Amino acid sequence: MSDTLQQPGLQSLSKSFEPAALEAHWGPEWEKRGYGVAGFRGTSAPSAEAAAAGRNFAIQLPPPNVTGTLHMGHAFNQTIMDSLTRYHRMMGFNTAWIPGTDHAGIATQIVVERQLQEKGISRHDMGPTPAEARKNFVAKVWEWKEQSGNTITSQMRRMGDSVDWSREYFTMDEKLSGVVTDTFVKLYEQGLIYRGKRLVNWDPVLMSAVSDLEVESEEEDGHLWHIQYPLVDGSGHLTVATTRPETLLGDVAVMVHPEDERYAHLIGHYVRLPLCDREIPVIADEYVDRTFGTGVVKVTPAHDANDYAVGQRHQLPIIGVLHLNATINDNAPQKYRGLDRFVARKQVVADLEAAGLLAEVKKHKLMVPRCARTGQVIEPMLTDQWFVAMTKVSDQDPTGKSITQKAIDAVASGQVRFVPENWVNTYNQWMNNIQDWCISRQLWWGHQIPAWYDEQGQVYVARTEAEAQVLAGAGKTLTRDPDVLDTWYSSALVPFSTMGWPGQGDKATDDYNLYLPSSVLVTGYDIIFFWVARMIMMTTHFTGRVPFRDVYIHGLVRDAQGQKMSKSEGNVLDPVDLIDGIALPPLLDKRTTGLRKPETAPKVRKQTEKEFPDGIPAYGADALRFTFAALASLGRSINFDSKRCEGYRNFCNKLWNATRFVLMNCEGQDCGLSDHSADACVPGGGYLDFSQADRWIVSRLQRVEAEVAKGFAEYRLDNVANAIYDFVWNEFCDWYLEIAKVQINTGNDEQKRGTRRTLIRTLETILRLAHPITPFITEELWQKVAPVAGRAGASVSVAAYPVSQPERIDEAAEAHVARLKTLVDACRNLRGEMNVSPATRLPLYAVGDAAFMRMAGPVLQALAKLSEVRVFDDEASWAAAAQTAPVAVVGDTRLCLFIEIDVAAEKVRLGKEAARLEGEIAKAGGKLANEAFVAKAPAAVLEQERKRLADFTATLAKIRDQLARLG
């Protein structure tokens, strides 16, 4: 019979950590086993017991655009969500992470239109009638959605996201579309949806209203034209400054501040509108900024949001002078009709100059609003749109509150909590100044508005055309409203539309009752208004519940220099490239296509070559996730430096190698896991003997488990990641494994059992502890470690999460190891002072606290790389042996590393060093004595100088002591 050790677990682990293969295996395997399906610990069904105890955890994925690709913001956001989900699943909560994708009206329509443009086709050419063209175009978009819609979900799988794919939704699914129609009709019946003319952000190329979120204002160079408006009574003129002279064709008044003494006498007079045959009044309004331009402002209610408000206050007429495609319409004088807005601008300026009415032109920097999707300059445009009334109270509402008030109260009452809490101010500020929500878009892709018109223009809002026909009565021909709903409308319903509303069940274990409200919404601050606030409004209004308990607002991921990542700027990183690696040529191609300004390509190439000279190495998903977790502070910006991934990939390597070491020493060996009485595991009990170091690592583990639990509770994943990193790298690998080697080599059977048990059990706990952040490597290693540690279970992802046991904290053991560490550090410092290489093993001579030194001897010898540890009982014999060797004092112990030295040469060396230090001390002291320097230098510089002075002085004292001992 062979007595060779059987170590199948160790043998099945590759020599080094190779993430690709194990990610390719475990991702599909978890999904096949259904661990992500909502329910209790991967059983795909909820536990009534957990539900009764209120142990339910749910999270909604902010739905990414269906045809989009995963960017760094998604990957960061999803790392946080997946870590929280895996943690709660292991903690024994009923857990649901609901994924879905958004139909992204504008973004998706633009992509498909561009594909058609490349073939020379317009969407309007896609059928013989507009209705046919629309039907065919929408079919084309669905085709594109099927083709590219799984890119983002396959990238989510690469990240290790343990979402419930069985509950995946798409916002245009039949079920969700039904809820969209139902809520629209209900709001209309409650008098909270209406159609009206309003100024909206209008994109003249897209030919649609766009939301505030889709408008980006950037500072651009422009002009301020000063135009003279002659007073009708011939007494002079008023000079108006404007950045958009073409809009003067639609002016209906000029206004001044009521308290502006320069113009008070002219209020109520009339001016002649240049280039137009109209007279308009001079009015007074406090909106005017007296210090800007001339203090006289033109009023064009049809083409400016502020002017529109002024027009409403003063009951002024509204004259629109632009067609929807931004050419001049028939309300303007004949010569400008049909001109594009910017061509008209040049013509108007030329005509003003010819008429002697252009006083001056100044260069002026101004904020220009552009559509983020098309880059077109946005025009405020007066159009018929559908709106949700935000501050109106429906007479059918038993609460007597508006939609907005319910949402304000939900946060004020603490039912919804913001983390960090300062975001409440941002939320309240917006909610208290809210405008009615424009929900219609002039697009073809999206949820078509459920409204029909008869020949007289009478509107019928209904769930189906048949219902509308009943409302209209027989003989009426109905035409459906062509507009679609704002994409944010359907995403605002997600918290309840994905939970079975309105046909939800009433059992305690139905989704609706387990997972609404969800536990936390994890999102960036840029969509607090557009999504977060609207989900709170819609959910409280329709269900009487809040959508989520906590809103964790995280920062936005920027590049290493703190710049916003944007494809059009060429500084984007693809998370999958960080997982798989990418060579430099394809990385350069990727970053230089789709640039907003193609001429910046050389600069982008240069920057990329500088930052990634060899491309990007493959870090693996775990290292990427660990990096994101470590960066998840409560700040507004996350500057992502891929070099951090390298550090966390090294951590994965370290964990891999530590596991190989532990298995090598424990697998197939007696690890003290047999049943035994409490008496058997005390020193001399005959079965297990735990050393101070064994008790220390277990004690530290309890503290780390508590720190990690606190980190998860506070949404501080940076604290979770740092606590795990510090414990695994610094305590477990750097200290305990080294001590364990000595204990296994020098201990008796009871001690070896104690060490092996501690090694394997601590490692197994570490793997469970780290699993929510680094799922792949911990699963692979746990499969080999758990059986050796005596832990049953199919997977670490459904194992119990470690919980701190404060009674296992051992202050004495912690003090023992702290002292041991101080001794090892002292030996390392002595080596440094003596310029002795770490490879040279020297004897240590020690005196004082002999019992501790003898007990710690073997470990100290191994960790400090000593040839022996000699403990002396009296000072005199120690001094005689130590001769002139440098001494360190640790507590009551004096120690030295003994080495035969050439006394004369050492005296010369120390003398030179002392002289150098005296020079440094004089220099630093001189600076600090200089009053001018002290007065001008920043506090940090002064602090640094004082510290240098103190350090030099301390080192000099040591050297003088050495010299004295050399005689």
Side-chain angles (χ1 to χ4, degrees), residues 67 103-146 171-172 174 177 180-181 184 195-198 200-211 214 320 322-327 329-330 338 340 371 373-374 376 379 381-386 438-469 471-472 475-487 489-490:
T67 59
H103 64 279
I106 292 182
T108 310
Q109 177 157 327
I110 287 176
V111 169
V112 178
E113 285 207 60
R114 282 190 184 143
Q115 291 171 352
L116 292 169
Q117 274 166 10
E118 280 167 21
K119 297 176 185 161
I121 306 169
S122 149
R123 67 182 154 118
H124 301 281
D125 307 334
M126 292 189 70
T129 65
E132 283 291 309
R134 179 171 186 152
K135 195 174 142 210
N136 294 338
F137 176 75
V138 169
K140 193 88 192 139
V141 183
W142 273 104
E143 205 179 285
W144 165 242
K145 180 255 168 191
E146 293 309 321
T171 48
M172 296 262 289
E174 204 174 325
S177 297
V180 167
T181 303
F184 186 98
R195 192 162 188 259
K197 269 202 190 307
R198 287 284 187 285
V200 292
N201 300 314
W202 185 264
D203 182 324
V205 168
L206 204 56
M207 292 285 280
S208 172
V210 293
S211 83
E214 283 137 352
L322 289 175
H323 288 297
L324 294 178
N325 64 357
T327 58
N329 69 17
D330 292 355
D340 172 77
C371 174
R373 304 284 176 197
T374 62
Q376 291 300 313
E379 279 297 337
M381 194 74 80
L382 196 64
T383 51
D384 284 313
Q385 301 289 349
W386 289 90
C438 172
I439 51 170
S440 44
R441 297 288 178 269
Q442 290 63 50
L443 302 170
W444 284 359
W445 171 245
H447 297 108
Q448 196 168 348
I449 286 176
W452 286 263
Y453 303 92
D454 62 19
E455 302 95 321
Q456 283 72 46
Q458 178 65 36
V459 67
Y460 306 96
V461 169
R463 286 170 180 79
T464 61
E465 185 164 2
E467 260 185 50
Q469 196 69 61
L471 291 174
K476 291 276 173 87
T477 306
L478 297 185
T479 312
R480 188 166 183 176
D481 192 308
D483 288 358
V484 298
L485 283 163
D486 175 11
T487 303
Y489 183 90
S490 48

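The analysis underlying the following values was restricted to heavy atoms, covering all of them including side chains, and did not include hydrogens, waters or symmetry mates. We number each residue from 1, following the sequence as shown. Being a predicted model, the structure only gives us computed values, none of them experimental.
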What heavy-atom pair brings [X] and [Y] nearest, and what distance separates the two atoms?
X      : Y      : answer
Gln442 : Asp384 : NE2-O, 4.4 Å
Ala209 : Val200 : CB-CG2, 3.9 Å
Ala468 : Trp452 : CB-CE3, 3.6 Å
Ala451 : Trp386 : CB-CZ2, 3.6 Å
Val112 : Lys140 : CG1-CG, 4.0 Å
Asp486 : Cys438 : OD2-O, 4.2 Å

Nearest-0.5 Å distance that lies between atom [atom1] in [X] and atom [atom2] in [Y]:
X      : Y      : atom1 : atom2 : answer
Leu478 : Glu465 : CG    : CD    : 6.0 Å
Lys476 : Gln469 : NZ    : CD    : 9.5 Å
Leu324 : Asp203 : CG    : CG    : 11.5 Å
Ser177 : Gln448 : OG    : CD    : 12.0 Å
Thr181 : Glu467 : OG1   : CD    : 10.0 Å
Asp340 : Leu322 : CG    : CG    : 9.0 Å

Original post:
Yes or no on side chain to side chain contact (heavy atoms under 4.5 Å, CB included) for Gln376 and Leu206, after CA distance, side-chain angles and deciding distance?
Top reply: CA-CA 9 Å; Gln376 291 300 313; Leu206 204 56; over 6 Å; no

Do [X] and [Y] make a side-chain contact, defined as non-hydrogen atoms from C-beta onward lying under 4.5 Å apart?
X      : Y      : answer
Ile106 : Thr487 : no
Ser122 : Glu113 : no
Phe184 : Ile439 : yes
Gln109 : Arg123 : yes
Asp483 : Gln385 : yes

**OP:** Please check if the side chain of Thr327 supplies one atom and the backbone of His323 the other of a donor-acceptor pair under 3.5 Å.
**Re:** no

Subject >> Heavy-atom donor-acceptor pair, Thr67 side chain to Thr108 backbone, under 3.5 Å >> reply: no

For residues 129-136, dump all side-chain donor-acceptor pairs below 3.5 Å to protein atoms at least two apart in sequence or in another chain.
residue, atom, partner, partner atom, Å
Thr129, OG1, Glu132, N, 3.1
Arg134, NH1, Pro482, O, 2.5
Arg134, NH2, Pro482, O, 3.0
Asn136, ND2, Met126, O, 2.7
Asn136, ND2, Glu132, O, 3.3

Original post:
When you look at Tyr453 and Asp481, which way does the side chain to side chain contact (heavy atoms under 4.5 Å, CB included) test go after all the steps?
Top reply: CA-CA 7 Å; Tyr453 303 92; Asp481 192 308; 2.6 Å; yes

Original post:
Could you walk me through whether His447 and Tyr489 pass the side chain to side chain contact (heavy atoms under 4.5 Å, CB included) check?
Top reply: CA-CA 9 Å; His447 297 108; Tyr489 183 90; over 6 Å; no

Name the atoms and distances for all side-chain donor-acceptor pairs under 3.5 Å in residues 456-463, with sequence neighbours left out.
residue, atom, partner, partner atom, Å
Tyr460, OH, Asp454, OD2, 2.8
Arg463, NE, Asp182, OD1, 2.8
Arg463, NH2, Asp182, OD1, 2.8

Subject >> Centroid-centroid distance, Trp142 to His103, less than 6.0 Å >> reply: no

Original post:
Is there a side chain to side chain contact (heavy atoms under 4.5 Å, CB included) between His124 and Trp444 once you walk through the steps?
Top reply: CA-CA 10 Å; His124 301 281; Trp444 284 359; 3.7 Å; yes

**OP:** Verify the neighbour count for atom CD of Glu174: are there more than 12 heavy atoms of other residues, nucleotides or ligands below 6.0 Å?
**Re:** no

